[in-house]
> 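If you scroll down you'll find the structure; I have some questions about it.
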Amino acid sequence: MAKNQILTDSDSDDDTPLVARSNGTRSRAAKANGNGKRPHTSDEELSDEDVPLAKRAKPTNGASAKPSSSGSAAASTSTTSRLLKEEDSSDDEPLASQASDTRHIVSPEKIKDESDSDDDVPLYQASANGAGKKSAAKPKANGKAAAASDSDSKPAKTKVPRKRVKKEEDSDADAKPLKKARTPRKKVKVEEDDDSDDDKPLAKSLAAKADSKAAKGDSKGKGKAKTKKEAEEAEEEEMFKWWEANMLGDGTQKWQTLEHSGVLFPPPYVPLPSDVKMLYNGKPATLPPESEEVAGFFGAMLETTHAQDQTFCNNFFSDWLKILKKYPPAGGVKITEFGKCDFRPMYEHFAAEIARRKSMPAAEKKALKAEKDAAEEKYTFCLLDGRKEKVGNFRAEPPGLFRGRGDHPRRGALKFRIGPEDIILNIGKEAKIPVPNIPGEWKKVVHDNTVTWLANWKENINGSFKYVFLAAGSSLKGQSDMNKFEKARELKKHVDKIRKDYNADLKSKLSADRQRATAMYFIDRLALRAGNEKGDDEADTVGCCSLRYEHITLQPPDELVFDFLGKDSIRYYNVVKVEPQIFKNIRIFKGPPKETGDAIFDRVTTTTLNKHLASYMKGLTAKVFRTYNASITFQEQLDKCTPKDGTVAEKLAAYNQANRMVAILCNHQKSVSKNHGTAMENMAQKIRALKYQRMKLRHGLFALDPKLKKKRKNLAEDESDIDDEWIVKYEDETRAKEIEKAQKKWEKDNEKLEAEGKDTLDESVVEAKISKINDEYDRLKEERGTGQAEVKGKKTEENILTNIAKLDERIHTMKIQMVDREEGKEVALGTSKINYLDPRITQAWCKTHNVPIEKLFSKTLMVKFPWAMEVDGEWKF
DNA sequence: CGCTATGATTCCGCTTCCTACCA
DNA sequence: CTGGTAGGAAGCGGAATCATAGC
């Protein structure tokens with residue numbers, strides 16, 4: 001099976017996290033148990049771990065709906081999850097040694113990498129400057145590579161000794177020369193129509209201290225007209241390469257100057273036509289716009305599963321009643337019962353609207369879109385330190401019914417419409433304060449340059465804040481993204497010691513320490529999320545620290561069954577072989593008086609855990625482990641599994657395979673698309689059809705000259721997976737299809753001719769065609785089993801051979817695709833690509849293996865990761 | 001410490017866009 | 001060649017989580 005394959009692959013290196021698991025069915029919202037209280041156990045220390053375990057005949061797996069015993073699921077998992085083989089009891093054999101062990105096993109070409117990753121192995125050296133050491137200790141790498149990796153890994157550390165005093169001036173001073181030197185900036189940014197007035201005022205006033213050249217350049221270059229495309233290109237070329245500039249402040253100050261247009265509010269509610277009314281008690285009810293709008297929210301969702309959801313309906317109805325109280329229906333109608341409401345007419349109306357819009361002529365659609373785009377244009381970017389940067393979510397979230405994921409207690413609640421008076425704007429001191437596109441005044445305007453948001457507001461569902469940030473491709477986001485990966489890479493230097501320590505702590509006498517160590521083990525090996533506490537009116541989902549009694553089941557002698565709902569109520573199901581100490585610890589942590597509903601790690605919180613982690617390395621938190629393990633696994637898999645001389649298709653498959661392992665590790669699931677099965681079967685059919693063609697070509701070749709059969713031994717063999725039976729069926733089916741096609745075409749042609757008032761084609765025409773088809777297939781029938789065939793087209797040996805080769809190629813790629821597809825049917829690759837895999841790994845791999853990166857990164861990904869594009873093939877995570 | 005306020009990241013589902021295929 | 005389609009992939013929206021500072 002596909003899955004096993006993944007596993008076997010991963011099997012060899014013991015150091016990587018426990019990737020593979022049979023991820024059971026994905027089930028959302030399978031409510032576990034409601035309560036949130038978790039009584040601490042007693043405060044006692046763990047006197048010793050020799051708690052009698054046999055005694056309590058614990059129902060080891062009662063909870064799970066999975067066949068956790070010896071069913072197929074369990075079987076496959078146990079193959080998959082590796083036993084972390086440490087010498088069990090001996091803490092003094094740290095993971096570190098394992099790590100280097102395995103490294104030596106890996107293929108020879110890995111040695112190069114090894115020296116690279118060397119700097120992460122010995123902890124005692126960790127404090128030394130990584131970059132310097134690297135190049136010194138690596139005579140192997142060619143000069144270019146070494147230099148590059150030096151400069152790219154720590155752009156901040158240029159030779160110029162610079163004190164990091166006032167970060168802003170500092171970085172500015174740096175940015176300037178660098179920019180000039182490295183990016184041949186033609187100052188001709190052209191933005192024909194827009195923005196000129198936005199650019200100037202601020203930049204000018206700040207020219208003294210701030211970098212104003214960009215803005216000035218902008219306004220100056222305005223003369224020349226260009227085509228849109230050219231303008232775009234120019235803009236692209238001109239992009240600010242912050243990763244080449246020195247942007248290293250202390251990170252607290254995010255910008256100098258900031259101008260933007262605020263948030264864009266959705267248009268006010270437009271009441272429905274007067275003939276569209278919901279029914280109450282069977283009679284049309286006339287609602288004021290305020291309550292009609294809310295009714296419409298529900299009406300629009302009538303055909304979704306939400307409308308079947310009790311909680312959703314209840315929440316909606318109770319919120320709607322509040323609105324109705326203020327804006328009651330006309331004519332004294334009292335709406336009190338949900339069951340008497342019929343929103344169908346509204347639904348029909350919306351459906352018709354959607355259909356109408358869909359059937360609109362393309363030109364009209366385009367015009368409408370252009371209009372909308374024009375209105376939004378100025379919101380799409382801002383000026384950050386004089387540079388134009390894209391804004392992400394500049395639209396205020398429209399009102400609606402809250403669609404919580406999973407078993408969210410607030411699902412269906414009304415999310416209010418927000419206006420300017422809800423919004424806090426964050427903008428540069430001297431910037432012009434934008435005027436909202438609907439009447440009203442901003443709630444507040446602040447000038448906080450230590451944060452990256454442009455606006456925020458409080459949302460009424462959970463009382464949390466929503467923010468307008470810059471787009472993913474912006475410099476601010478890019479920098480924090482790069483920092484994230486650099487932080488994860490830094491962990492390489494500490495991870496051995498951390499592992500060693502927590503392995504020791506697994507036996508600590510102090511319950512708190514032992515729990516923490518165990519939790520860290522899970523976070524490290526299983527890539528669990530931290531698991532912050534959650535409130536009562538949130539969905540009951542957990543992460544590591546919030547795991548409860550019922551979420552881990554002991555399966556003697558050495559397996560733990562994890563089964564819980566994680567973020568977004570995605571089920572995490574994993575059967576893991578663990579070493580005895582872990583098993584023992586969980587047994588203790590689940591020991592009496594604990595029971596269902598109690599926290600397993602009652603002495604650990606995310607805060608304490610993170611604090612502990614930070615003692616090893618500044619900024620180290622639980623989530624860094626996820627990033628680290630994802631990227632390091634990815635890198636290792638790529639190094640190990642990419643075929644050196646493979647085709648591009650094979651390399652891509654290897655890439656996807658590595659990507660998939662990470663996705664499985666991080667539990668990024670997607671539901672199997674409903675027609676996956678048929679799609680697979682179709683592909684298989686297509687392959688068989690290609691093989692059939694190939695067979696015909698071979699036979700044609702032999703027909704050409706019987707001697708060729710001996711000469712081309714490699715072609716003598718029959719195609720696999722198509723047998724006589726299949727051929728009969730296939731030929732019959734294609735014959736039928738072609739006849740049907742001819743028939744249909746004839747009918748259609750006639751329809752057309754008739755419409756044009758011309759004479760229709762006689763039936764004999766189609767009959768002739770059909771008989772021709774029949775003749776052909778009869779001939780093929782004759783050919784069956786003869787090992788000979790008639791080939792169309794040029795009948796030379798050479799020609800036939802090249803055609804066979806082409807078919808071989810197609811069959812091969814198709815097969816690869818098929819395997820890829822099957823293995824990935826329930827794994828979402830995108831999430832890890834966007835969030836967890838250092839893009840530089842991909843880029844370096846592409847350069848080494850000569851694969852165009854466009855095959856792996858979509859346009860947005862390319863926009864998001866410009867900073868990663870300049871690494872060379874030698875770069876390693 | 002735990003709690004709250006705030007800030008930032010991660011993540012999935014729905015919609016839209018794109019593309020390979022077909023008539 | 002061309003318009004029409006289906007099925008995926010990409011893009012977007014916004015929910016969910018993580019994290020930290022300050023009380």
Side-chain angles (χ1 to χ4, degrees), chain A residues 26 28 252 254 301 304-305 354 358 362 365 369 392-398 400 402-406 408 410-411 415 424 426 446 448 450-453 456 458-459 461-472 476-477 480-481 483-484 523 528-535 538-539 541-546 565-570 605-611 613-614 619-627 630 663 666-671 673-676 678-679 682 686 741-742 744-745 748-749 821 824 828-836 857-864:
Chain A
R26 152 226 205 71
R28 319 201 87 162
T252 53
K254 303 299 183 8
M301 297 167 94
T304 68
T305 51
I354 291 168
K358 212 173 138 194
K365 273 191 213 166
K369 187 165 189 303
N393 53 328
F394 54 83
R395 276 174 278 259
E397 290 180 14
F402 175 72
R403 300 148 109 107
R405 309 231 171 103
H408 199 296
R410 295 277 285 141
R411 61 194 187 275
K415 189 166 84 172
I424 298 175
N426 188 29
V446 299
D448 184 351
T450 67
V451 296
T452 66
W453 53 270
N456 77 15
K458 192 167 182 173
E459 153 260 11
I461 299 291
N462 300 300
S464 55
F465 282 86
K466 301 270 186 161
Y467 298 84
V468 173
F469 291 122
L470 294 194
L476 284 179
K477 290 284 196 185
S480 75
D481 221 28
N483 284 339
K484 174 180 79 184
I523 284 169
L528 298 192
R529 293 192 184 81
N532 285 309
E533 287 297 320
K534 299 191 70 184
E538 292 175 279
T541 61
V542 298
C544 186
C545 294
S546 47
L565 298 182
K567 183 177 177 183
D568 284 325
S569 295
I570 299 287
T605 67
T606 53
T607 315
T608 56
L609 192 139
N610 281 337
K611 212 164 247 166
L613 290 176
L620 183 59
T621 63
K623 80 192 265 292
V624 179
F625 274 86
R626 246 168 105 81
T627 313
C666 295
N667 202 36
H668 294 144
Q669 302 185 19
K670 73 175 184 209
S671 41
S673 75
K674 45 185 171 291
N675 34 25
H676 173 78
T678 40
N682 288 344
K686 253 182 202 163
K741 214 160 86 184
K744 280 222 174 105
K745 181 165 172 5
K748 221 174 173 184
D749 285 351
R821 188 103 159 247
L829 300 185
T831 308
S832 46
K833 232 186 218 178
I834 296 172
N835 299 299
Y836 288 104
F857 280 0
S858 66
K859 206 179 74 209
T860 30
L861 247 28
M862 294 298 284
V863 171
K864 180 175 177 183

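Here is how names work: the chains are called A, B, and so on, in the same order as the sequence lines, proteins then strands, and each is numbered from 1.
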> Send over the distance from A:Lys458 NZ to B:dT6 P, rounded to a whole Å.
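In whole Å, B:dT6 P lies 8 Å from A:Lys458 NZ.
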> Could you tell me whether a side-chain N or O of A:Lys477 sits under 3.5 Å from a main-chain N or O of A:Phe469, the two making a donor and an acceptor?
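No: the side chain of A:Lys477 does not pair with the backbone of A:Phe469.
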> Is A:Lys623 near enough to C:dA19 that one of its side-chain N or O atoms lies under 4.0 angstrom from OP1 or OP2?
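So the side-chain polar atoms of A:Lys623 never come under 4.0 Å of the phosphate oxygens OP1 or OP2 of C:dA19.
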> Specify the residue among A:Lys369 and A:Thr605 whose closest nucleotide of DNA chain B lies further upstream toward the 5′ end.
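On the 5' side of the pair lies A:Thr605.
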> In whole angstrom, give the distance that lies between atom CZ of A:Arg403 and atom P of C:dA15.
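It is 10 Å, rounded to the nearest whole Å.
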> Looking only at heavy atoms, what is the nearest atom pair of A:Cys666 and A:Ala630, with distance?
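Nearest heavy atoms, A:Cys666 then A:Ala630: SG-CB, 4.3 Å.
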> Reading DNA chain B from 5' onward, which residue's closest nucleotide shows up sooner: A:Gly463 or A:Leu476?
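Here A:Gly463 is the residue nearer the 5' end.
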> For A:Leu829 and A:Ala663, which heavy atoms make the closest approach, and how far apart are they?
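That closest heavy-atom pairing would be CD2-CB, 4.1 Å.
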> In whole angstrom, what separates A:Lys833's NZ from B:dC12's P?
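One finds 15 Å between P of B:dC12 and NZ of A:Lys833, rounded.
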> Does OP1 or OP2 of B:dC1 have a side-chain N or O of A:Thr608 closer than 4.0 Å?
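Negative; the distance criterion is not met.
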> Closest nucleotide of DNA chain C for A:Ser858 versus for A:Ala539: which of these residues is on the 5' side?
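Final value for this comparison: A:Ser858.
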> Indicate whether OP1 or OP2 belonging to B:dT9 is found under 4.0 Å from a side-chain N or O atom of A:Lys477.
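Checking A:Lys477 against B:dT9: at least one side-chain N or O falls below 4.0 Å of OP1 or OP2.
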> Would you mind classifying the nucleic acid contact of A:Gly392 as base, sugar-phosphate or nothing, using non-hydrogen atoms under 4.0 angstrom?
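A:Gly392: no heavy atom of the nucleic acid under 4.0 Å.
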> Looking at every strand, decide which applies to A:Ala622 at a 4.0 Å heavy-atom threshold: base, sugar-phosphate, or nothing.
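Sugar-phosphate only.
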> Does the side chain of A:Arg403 reach to within under 4.5 Å of the side chain of A:Met301, using non-hydrogen atoms?
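A:Arg403 vs A:Met301: side chains touch.
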> Report yes if at least one side-chain N or O of A:Thr831 is closer than 4.0 Å to OP1 or OP2 of B:dC12; otherwise report no.
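For B:dC12, OP1 or OP2 has a side-chain N or O of A:Thr831 closer than 4.0 Å.
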> Please report the distance, rounded to the nearest Å, between CZ in A:Phe465 and P in C:dA16.
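Going from CZ in A:Phe465 over to P in C:dA16 covers 18 Å.
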> Which is true for A:Thr541 with a 4.0 Å heavy-atom rule: it touches a base, it touches only sugar-phosphate, or it touches nothing?
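Result for A:Thr541 = sugar-phosphate.
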> Please tell me if A:Arg529 has a side-chain N or O lying less than 4.0 Å from either OP1 or OP2 of B:dC11.
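Checking B:dC11 against A:Arg529, a side-chain N or O does come within under 4.0 Å of OP1 or OP2.
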> Would you say C:dT17 has OP1 or OP2 under 4.0 Å from some side-chain N or O of A:Asn532?
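For A:Asn532, the contact criterion (side-chain N or O under 4.0 Å from OP1 or OP2 of C:dT17) is not met.
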> Is there side-chain contact between A:Asn462 and A:His408, with heavy atoms separated by less than 4.5 Å?
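Yes, side chains in contact.
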> Looking at B:dC1, which nucleotide sits across from it as a Watson-Crick or G-U wobble partner, both distances under 3.5 angstrom, or is there none?
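No nucleotide pairs with B:dC1.
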> Are any of A:Ser480's side-chain N or O atoms less than 4.0 Å away from OP1 or OP2 of B:dA8?
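No.
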> Between A:Lys534 and A:Thr541, is any pair of side-chain heavy atoms under 4.5 Å apart?
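Touching, per the 4.5 Å side-chain cut-off.
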> Over all strands shown, is A:Gly566 touching base, sugar-phosphate only, or nothing at heavy-atom distances under 4.0 angstrom?
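The residue A:Gly566 makes sugar-phosphate contact but no base contact.
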> Identify, between A:Lys466 and A:Leu861, the residue whose nearest nucleotide on DNA chain C lies closer to the 5' end.
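Comparing both residues, the 5'-ward one is A:Leu861.
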> Any idea which of C:dA19, C:dT17, B:dG7 is nearest the A:Trp453 side chain?
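Of all the options, the side chain of A:Trp453 is nearest to B:dG7.
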> Could you measure the distance from the OG1 atom of A:Thr606 to the NZ atom of A:Lys623? Nearest 0.5 Å is fine.
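So the OG1 of A:Thr606 and the NZ of A:Lys623 are separated by 13.5 Å.
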> State which of B:dT9, B:dA8, C:dT17 makes the closest approach to the side chain of A:Lys484.
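For the A:Lys484 side chain, the nearest candidate turns out to be B:dT9.
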> For B:dT9, take OP1 and OP2 only and decide whether either is under 4.0 Å from a side-chain N or O of A:Tyr836.
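So the side chain of A:Tyr836 is outside the cut-off, no N or O lying under 4.0 Å from OP1 or OP2 of B:dT9.
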> Report yes if at least one side-chain N or O of A:His408 is closer than 4.0 Å to OP1 or OP2 of C:dA15; otherwise report no.
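For C:dA15, OP1/OP2 do not have a side-chain N/O of A:His408 under 4.0 Å.
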> Counting side-chain heavy atoms from C-beta on, which of C:dA19, B:dA8, B:dC12 comes nearest to A:Ile570?
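Output: B:dC12.
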> Kindly say if A:Lys611 contacts the phosphate of C:dT20, meaning a side-chain N or O under 4.0 Å from OP1 or OP2.
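A:Lys611 to C:dT20 OP1/OP2: no side-chain N or O under 4.0 Å.
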> Is any side-chain heavy atom of A:Asn393 less than 4.5 Å from a side-chain heavy atom of A:Tyr467?
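The answer is no, as the side chains (C-beta and beyond) never meet within the 4.5 Å cut-off.
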> Could you state the atom-to-atom distance from CD of A:Glu459 to P of C:dG13 in whole Å?
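My rounded result for the distance is 17 Å.
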> Between A:Glu533 (CD) and B:dC3 (P), how many Å, whole number?
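Distance, rounded to whole Å: 9 Å.
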> Taking only N and O in the side chain of A:Asn456, is any of them less than 4.0 Å away from OP1 or OP2 of B:dT6?
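It does not, given that no N or O in the side chain of A:Asn456 lies less than 4.0 Å from OP1 or OP2 of B:dT6.
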> Examine B:dA8: is either OP1 or OP2 under 4.0 Å from a nitrogen or oxygen in the side chain of A:Lys254? Give yes or no.
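Yes.
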> What is the distance, rounded to the nearest whole Å, between atom CG of A:Asp568 and atom P of B:dT10?
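For the pair A:Asp568 CG and B:dT10 P, the rounded distance is 14 Å.
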> Over all strands shown, is A:Arg626 touching base, sugar-phosphate only, or nothing at heavy-atom distances under 4.0 angstrom?
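The answer is sugar-phosphate, as A:Arg626 gets under 4.0 Å only of primed atoms, P, OP1 or OP2.
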> With respect to the phosphate group of C:dG13, does any side-chain polar atom (N or O) of A:Arg395 fall under 4.0 Å of OP1 or OP2?
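Yes, because at least one side-chain N or O of A:Arg395 sits under 4.0 Å from OP1 or OP2 of C:dG13.
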> Could you state the CZ-P distance from A:Phe625 to B:dT10, rounded to the nearest angstrom?
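After rounding, the gap between these two atoms is 16 Å.
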> If you look at every strand shown and take non-hydrogen atoms under 4.0 Å, does A:Phe469 touch a base, only sugar-phosphate, or nothing?
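Touches a base.
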> Under 4.0 Å between a side-chain N or O of A:Ser569 and OP1 or OP2 of C:dA16?
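Negative; the distance criterion is not met.
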